[in-house]
Amino acid sequence: MSGEKMSLEKVSVIIPAYKPDDKLIQTVEELVKAGFSDILIVDDGSGEAYSTIFDALKERSVCTVLVHNVNRGKGAALKTAFKYVTDNMTNRACVVTADADGQHIPSDIKAVALAALDSGNIVLGVRNFSTPDVPARSKFGNNMTKGVFRLFFGMKIQDTQTGLRAIPTEYLEGLLTVAGERYEYETNMLFWTNKEKLTLEQVEIHTVYLDENSSSHFRPIRDSIRVYGLILKYLFSSCGAAVIDASVFYLLKRLAFATFPAAFLARAVSSVVNFCVNAKVVFGERASTTSVLKYYVLAIAQIAVSTLLVFGVEHTLGIVSPLLSTCAKIVIDTLLFFVSFRIQHKWVFATTKEGKK
């Protein structure tokens with residue numbers, strides 16, 4: 001038995017499937033030829049009309065078919081498979097998630113699996129979006145998400161939407177705690193790796209789109225809102241706090257307060273609201289003494305930087321109008337908004353490996 005084949009015996013391939021066609025059976029056959037001996041299929045509520053496909057897969061000794069009685073979403077299907085592996089397959093070193101529509105070819109699935117086995121890191125199979133055969137909506141969606149990841153998280157990911165991921169089994173329990181039941185779960189998985197300070201490797205794979213990606217069940221508006229849920233919640237929380245902050249600052253300046261005390265008091269009021277919303281709604285973490293202390297260390301540093309910059313702009317440009325001072329503060333605080341998000345995500349509301357603050 002070759003070393004490569006022995007390595008692949010430590011790998012389970014996970015394929016969530018919702019209303020698949022015969023390409024799923026073809027993918028399984030090709031995976032077996034490539035050397036994989038354990039394939040988990042999750043029937044995510046496809047219905048009776050698709051039973052013949054799943055019945056054919058059940059007959060294959062290498063396949064285990066897990067069933068959702070109703071459609072619960074891709075994230076829920078992945079979690080079902082992760083839970084099955086952690087409960088029943090302690091001899092597995094790695095799992096690889098792949099799509100059911102034939103867009104991930106066996107050689108690429110093998111490549112990311114072997115890379116993860118070699119390094120012990122999570123490995124993403126990333127596509128090249130610069131090729132002319134990439135559908136416009138996929139190129140636009142990836143470029144936008146890639147920019148968001150870079151801006152908010154400092155993560156340089158070539159393909160944020162990839163479903164081809166090799167994951168060492170030691171991380172599965174942590175991933176089971178990640179929020180999301182549908183497409184947003186895959187995005188939240190990446191957020192989780194950033195929060196846990198894990199190394200992500202990227203292996204370029206073939207770019208395969210079948211019939212302009214018509215087989216995708218992604219709903220552009222509804223699922224995009226889910227995918228960007230964390231960032232949108234943070235945006236609304238920060239905008240609400242900014243309105244409170246700017247309003248209090250403006251009122252205090254109208255009352256002839258100097259810039260320093262006005263900025264301090266305005267931030268003191270808005271920070272209480274912002275902390276409570278971020279802890280409970282945005283980052284989904286329980287408020288603790290540690291998180292409160294970290295938050296206010298960040299808040300005080302942010303107040304100092306913001307106030308010094310506003311003071312500097314006022315004196316450099318000779319600003320005396322309360323309205324112009326407030327506008328300068330809004331611009332400065334907008335720039336600090338992105339820095340604050342990264343620090344809150346990775347430090348203030350971060351969970352340690354033991355799950356404690």
Side-chain angles (χ1 to χ4, degrees), residues 11-16 18 40 42 44 72-86 92-100 103-104 109 112-113 115-116 119-127 141-142 144-146 148-150 152-203 205 216-218 223-234 282-285 341-342 345-346 349-353 355:
V11 178
S12 292
V13 179
I14 295 172
I15 305 178
Y18 177 59
L40 295 178
V42 183
D44 187 30
R72 292 167 52 191
K74 188 177 184 182
L78 289 172
K79 288 180 181 179
T80 293
F82 293 167
K83 186 71 167 60
Y84 182 86
V85 172
T86 57
R92 291 292 179 267
C94 171
V95 300
V96 182
T97 65
D99 292 343
Q103 293 192 38
H104 298 142
I109 296 173
V112 297
S119 68
N121 296 322
I122 295 175
V123 179
L124 306 180
V126 297
R127 295 161 290 183
N142 183 73
M144 181 172 68
T145 308
K146 184 165 65 174
V148 168
F149 269 70
R150 182 77 177 270
F152 280 87
F153 300 94
M155 300 176 73
K156 299 177 183 179
I157 299 179
Q158 182 177 325
D159 183 357
T160 59
Q161 301 168 330
T162 181
L164 180 54
R165 305 174 181 197
I167 307 166
T169 52
E170 65 183 286
Y171 299 127
L172 295 185
E173 287 192 10
L175 288 170
L176 285 170
T177 68
V178 174
E181 299 295 309
R182 296 189 179 276
Y183 286 102
E184 77 277 12
Y185 178 68
E186 290 184 303
T187 302
N188 290 343
M189 286 171 64
L190 299 178
F191 295 160
W192 179 82
T193 65
N194 179 259
K195 195 172 185 179
E196 295 294 313
K197 302 179 178 65
L198 301 180
T199 299
L200 279 181
E201 295 183 22
Q202 301 181 63
V203 173
I205 61 174
S216 173
H217 298 287
F218 186 85
D223 289 323
S224 291
I225 292 173
R226 289 178 180 272
V227 165
Y228 292 108
L230 172 63
I231 293 169
L232 289 173
K233 286 186 288 186
Y234 178 75
V282 180
F283 297 106
E285 300 289 349
F341 177 90
R342 292 193 193 183
H345 184 255
K346 297 192 72 170
F349 297 106
T351 302
T352 65
K353 298 288 191 271

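Sequential numbering from 1 along the given sequence is applied to the chain's residues. Quantities reported herein were computed from a predicted structural model and do not represent experimental measurements.
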### Query
Does Gly163 offer a backbone N or O that forms a donor-acceptor pair with the side chain of Thr97 under 3.5 Å?
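At least one qualifying donor-acceptor pair exists.
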### Query
Taking the side chain from Thr193 and the backbone from Leu198, do they hold a donor-acceptor pair closer than 3.5 Å?
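Judged by distance alone, no pair lies under 3.5 Å.
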### Message
Please report the interatomic distance CZ(Arg127) to CD(Gln161), rounded to the nearest 0.5 Å.
### Response
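Taking CZ in Arg127 and CD in Gln161, the distance rounds to 6.0 Å.
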### Message
Return the CG to OH distance between Leu190 and Tyr185, rounded to the nearest 0.5 Å.
### Response
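It comes to 10.5 Å.
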### Task
Applying side-chain hydrogen bond (donor to acceptor under 3.5 Å, both in side chains), name anything that partners Ser119, two or more places apart in sequence or on another chain.
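Ser119 satisfies side-chain hydrogen bond (donor to acceptor under 3.5 Å, both in side chains) with Glu201 once adjacent residues are dropped.
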### Query
How would you list, by chain and number, every residue that makes a side-chain hydrogen bond (donor to acceptor under 3.5 Å, both in side chains) with Ser12, sequence neighbours excluded?
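So Ser12 forms a side-chain hydrogen bond (donor to acceptor under 3.5 Å, both in side chains) with Asp38, Arg92.
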### Intermediate values then yes/no, side-chain contact (heavy atoms from CB on, under 4.5 Å), Lys74 and Asp44
CA-CA 8 Å; Lys74 188 177 184 182; Asp44 187 30; 5.8 Å; no
I need the minimum non-hydrogen distance between [X] and [Y], along with the two atoms involved.
| X | Y | answer |
| --- | --- | --- |
| Val203 | Ala115 | CG2-CB, 4.2 Å |
| Pro16 | Ala100 | O-CB, 3.5 Å |
| Ala116 | Ala166 | CB-CB, 3.5 Å |

### Query
Given the rule in the side-chain contact (heavy atoms from CB on, under 4.5 Å) test, do Leu175 and Glu196 qualify, once you have shown the distances and angles that lead to the verdict?
CA-CA 11 Å; Leu175 288 170; Glu196 295 294 313; over 6 Å; no
### Query
For the side chain to side chain contact (heavy atoms under 4.5 Å, CB included) test, which of Ile205, Leu200, Ile167 pairs with Leu124?
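Answer to the side chain to side chain contact (heavy atoms under 4.5 Å, CB included) test with Leu124 among Ile205, Leu200, Ile167: Leu200.
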### Residues which pass side chain to side chain contact (heavy atoms under 4.5 Å, CB included) with Ala93, listed by chain and number, not counting sequence neighbours
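Testing Ala93 for side chain to side chain contact (heavy atoms under 4.5 Å, CB included), a comparison that skips the adjacent residues, returns Lys10, Leu117.
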### Message
Quick test of your reading: applying salt bridge (charged side-chain N to carboxylate O under 4.0 Å, His left out), list the pairs with at least one residue in residues 164-176, sequence neighbours left out, ordered by first then second residue.
### Response
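Matches after skipping sequence neighbours: none remain.
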For residues 75-86, tabulate all N or O donor-acceptor pairs below 3.5 Å that involve a side-chain atom, not counting sequence neighbours.
unit_1	atom_1	unit_2	atom_2	d
Lys79	NZ	Val178	O	2.8
Lys79	NZ	Gly180	O	3.0
Lys79	NZ	Glu181	OE2	3.3
Thr80	OG1	His68	NE2	2.7
Thr80	OG1	Ala76	O	3.1
Lys83	NZ	Asp87	OD1	3.3
Lys83	NZ	Asp87	OD2	2.5
Thr86	OG1	Phe82	O	3.3
Thr86	OG1	Lys83	O	2.9

### Query
Who passes salt bridge (Lys or Arg N to Asp or Glu O under 4.0 Å) against Arg72, sequence neighbours left out?
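Testing Arg72 for salt bridge (Lys or Arg N to Asp or Glu O under 4.0 Å), a comparison that skips the adjacent residues, returns none.
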### Message
Using side-chain contact (heavy atoms from CB on, under 4.5 Å), reason through Ile109 and Leu164 one step at a time and then give a plain yes or no.
### Response
CA-CA 7 Å; Ile109 296 173; Leu164 180 54; 3.8 Å; yes
